[in-house]
Amino acid sequence: MASYLLFIYTLIGSIFGLLGFLFLFSVKGTPVFVYYINSFFLNSEQVLLFILLFIGFSVKVPIIPMHTWLPEAHVEAPTFGSVILAGIVLKLGFYLYLRLVVFLFYYALYYFCSFIFLIALIGLYFSSFAALSQVDMKKIVAYSSISHMNFSLIGLFSMNLIGIIGSFFMLFGHAIVSSALFMCIGVLYDRYKTRSILYFGGLVLLMPLFISFFFFFILGNFSLPGTVNFVGEFTVFLGGFLFSNVVIFFSLIGLLCTLIYSLLLYTRISNGKIKVNFIRFYSDLVRREFYILFPFVCSLFYIGIFPNFIFDVNFSSIFYYYYYI
């Protein structure tokens with residue numbers, strides 16, 4: 001099922017993207033990207049190109065209603081497939097938005113920004129409430145990824161450097177936290193062949209090392225101060241307030257739901273009774289799994305406490321695109 005959904009949505013997005021690239025080539029007569037940056041587009045051309053490219057790239061973000069393939073793909077994919085999907089594939093859409101949409105079509109960006117914020121808020125609410133109703137741990141993290149991606153979309157289209165840098169910081173933090181959470185879920189699935197939270201309970205007594213790592217990643221998932229996601233959300237808030245404080249106000253409810261389903265996921269598997277009727281033999285992390293998860297914890301807190309080196313790189317590169325090209 002996931003392969004069919006991924007094929008269909010990728011095909012639809014590729015058709016719109018191809019039409020956008022063909023129209024761009026017919027207007028300018030060259031496929032060279034540097035030429036596009038230094039050229040002028042009519043307002044009607046900007047609107048049409050924005051619509052085609054925005055729909056084409058929305059599959060890889062994903063944006064409502066192009067999101068239904070992601071939870072199914074995460075559920076049916078193995079652990080390393082979910083890690084690659086969360087850490088790399090979901091970032092491609094934002095990269096294409098930055099290179100081909102945000103800095104090229106200024107008129108269309110101002111024309112459609114309210115509609116984009118509306119879509120982002122709908123996706124934020126929908127994915128947050130959907131995560132609250134799931135029992136599969138992979139689906140909870142998958143809907144959490146959709147929620148984080150839609151909130152990053154607000155920063156990317158806030159039309160100021162602070163929001164754009166915050167959006168990319170959230171992408172970086174999401175790659176660390178979601179990948180690590182999928183690895184933790186993979187640890188449980190390799191041992192007990194189930195991802196349902198109904199079968200787990202009391203793991204803090206039986207798997208204390210695993211629960212410690214899982215707790216750190218849950219803290220990063222709802223952006224506790226000191227984690228890398230907090231830096232991204234805070235800068236997105238600043239950039240969003242510079243554009244529209246109403247959008248940021250309504251996004252707070254979705255972020256509150258992120259806190260709720262993250263803590264519910266943690267408490268359901270770590271606290272409560274040990275459900276010996278389903279699982280009777282438990283084993284904690286082995287050395288190989290510890291060595292894999294430990295760098296993620298170090299990156300989560302080190303970049304959250306000392307974010308300057310990523311800020312310097314992002315600010316200098318985006319400032320160059322924004323003002324000099």
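Just so you know, these numbers use all the heavy atoms, side chains as well, and skip hydrogens, waters and symmetry mates.
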- Give me the one residue out of Phe290, Tyr291, Tyr266 that meets ring-ring contact (aromatic ring centres under 6.0 Å, His included) with Phe213. Phe290
For [Y], is there any backbone N or O sitting under 3.5 Å from a side-chain donor or acceptor partner on [X]?
{"X": "Ser147", "Y": "Ser128", "answer": "no"}
{"X": "Thr235", "Y": "Gly232", "answer": "yes"}
{"X": "Ser262", "Y": "Leu259", "answer": "no"}
{"X": "Ser178", "Y": "Ala175", "answer": "no"}
{"X": "Thr227", "Y": "Ser223", "answer": "no"}
{"X": "Arg191", "Y": "Asp284", "answer": "yes"}
{"X": "Asn160", "Y": "Ser158", "answer": "yes"}
{"X": "Lys91", "Y": "Ala86", "answer": "yes"}
{"X": "Lys60", "Y": "Gly13", "answer": "no"}
{"X": "Tyr125", "Y": "Ile253", "answer": "no"}

Could you tell me whether [X] and [Y] have their ring centroids closer than 6.0 angstrom?
{"X": "Phe157", "Y": "Phe243", "result": "no"}
{"X": "Tyr302", "Y": "Phe306", "result": "yes"}
{"X": "Phe169", "Y": "Phe234", "result": "no"}
{"X": "Phe129", "Y": "Tyr261", "result": "no"}
{"X": "Phe112", "Y": "Phe54", "result": "no"}
{"X": "Phe237", "Y": "Phe151", "result": "yes"}

- Partner of Leu265 under side chain to side chain contact (heavy atoms under 4.5 Å, CB included), chosen from Leu132, Ile185, Ile197, Ile260: Ile197
For [X] against [Y], the heavy-atom pair lying closest together:
{"X": "Ile12", "Y": "Met66", "answer": "CG2-CE, 4.3 Å"}
{"X": "Gly123", "Y": "Ile64", "answer": "CA-CG1, 3.3 Å"}
{"X": "Val177", "Y": "Phe217", "answer": "CG1-O, 3.4 Å"}
{"X": "Ser251", "Y": "Ile154", "answer": "CB-CD1, 4.3 Å"}
{"X": "Leu121", "Y": "Val247", "answer": "CD2-O, 3.8 Å"}
{"X": "Ala131", "Y": "Tyr143", "answer": "CB-CB, 3.8 Å"}

Between atom [atom1] of [X] and atom [atom2] of [Y], what is the distance when rounded to the nearest 0.5 Å?
{"X": "Leu96", "Y": "Leu92", "atom1": "CG", "atom2": "CG", "result": "6.5 Å"}
{"X": "His74", "Y": "Lys139", "atom1": "NE2", "atom2": "NZ", "result": "12.0 Å"}
{"X": "Ser196", "Y": "Leu188", "atom1": "OG", "atom2": "CG", "result": "11.5 Å"}
{"X": "Met183", "Y": "Ile292", "atom1": "CE", "atom2": "CD1", "result": "6.5 Å"}
{"X": "Ile15", "Y": "Thr10", "atom1": "CD1", "atom2": "OG1", "result": "11.0 Å"}
{"X": "Phe94", "Y": "Met149", "atom1": "CZ", "atom2": "CE", "result": "5.5 Å"}

Does any non-hydrogen side-chain atom of [Y] lie less than 4.5 Å from one of [X]?
{"X": "Leu198", "Y": "Arg268", "result": "yes"}
{"X": "Leu224", "Y": "Phe230", "result": "no"}
{"X": "Phe182", "Y": "Pro78", "result": "no"}
{"X": "His67", "Y": "Asn150", "result": "no"}
{"X": "Phe168", "Y": "Leu156", "result": "yes"}
{"X": "Trp69", "Y": "Pro62", "result": "yes"}
{"X": "Met207", "Y": "Phe214", "result": "no"}
{"X": "Ile303", "Y": "Val231", "result": "no"}

Using the rule that two of Ile, Leu, Val, Met, Phe, Trp, Tyr join whenever any of their side-chain heavy atoms come within less than 4.5 Å, decide whether [X] and [Y] are in one cluster.
{"X": "Leu252", "Y": "Phe250", "answer": "yes"}
{"X": "Met137", "Y": "Tyr189", "answer": "no"}
{"X": "Val89", "Y": "Val61", "answer": "yes"}
{"X": "Leu48", "Y": "Tyr111", "answer": "yes"}
{"X": "Val204", "Y": "Phe200", "answer": "yes"}

- Might you work through the side-chain contact (heavy atoms from CB on, under 4.5 Å) test for Ile116 and Tyr97, ending with a clear yes or no? CA-CA 12 Å; Ile116 295 172; Tyr97 278 154; over 6 Å; no
Around atom [atom1] of [X], are there more than 12 heavy atoms from other residues, nucleotides or ligands closer than 6.0 Å?
{"X": "Phe241", "atom1": "CZ", "value": "yes"}
{"X": "Phe172", "atom1": "CZ", "value": "no"}
{"X": "Phe16", "atom1": "CZ", "value": "no"}
{"X": "Phe23", "atom1": "CZ", "value": "yes"}

- Item | Asn221 and Ser144: side chain donor to acceptor below 3.5 Å | yes
- Mind running side-chain contact (heavy atoms from CB on, under 4.5 Å) on Leu109 and Leu104 for me, showing each step along the way? CA-CA 9 Å; Leu109 186 62; Leu104 290 183; over 6 Å; no
- Evaluate side-chain contact (heavy atoms from CB on, under 4.5 Å) for Phe21 paired with Leu100, printing each intermediate quantity in order. CA-CA 10 Å; Phe21 286 131; Leu100 293 175; 3.6 Å; yes
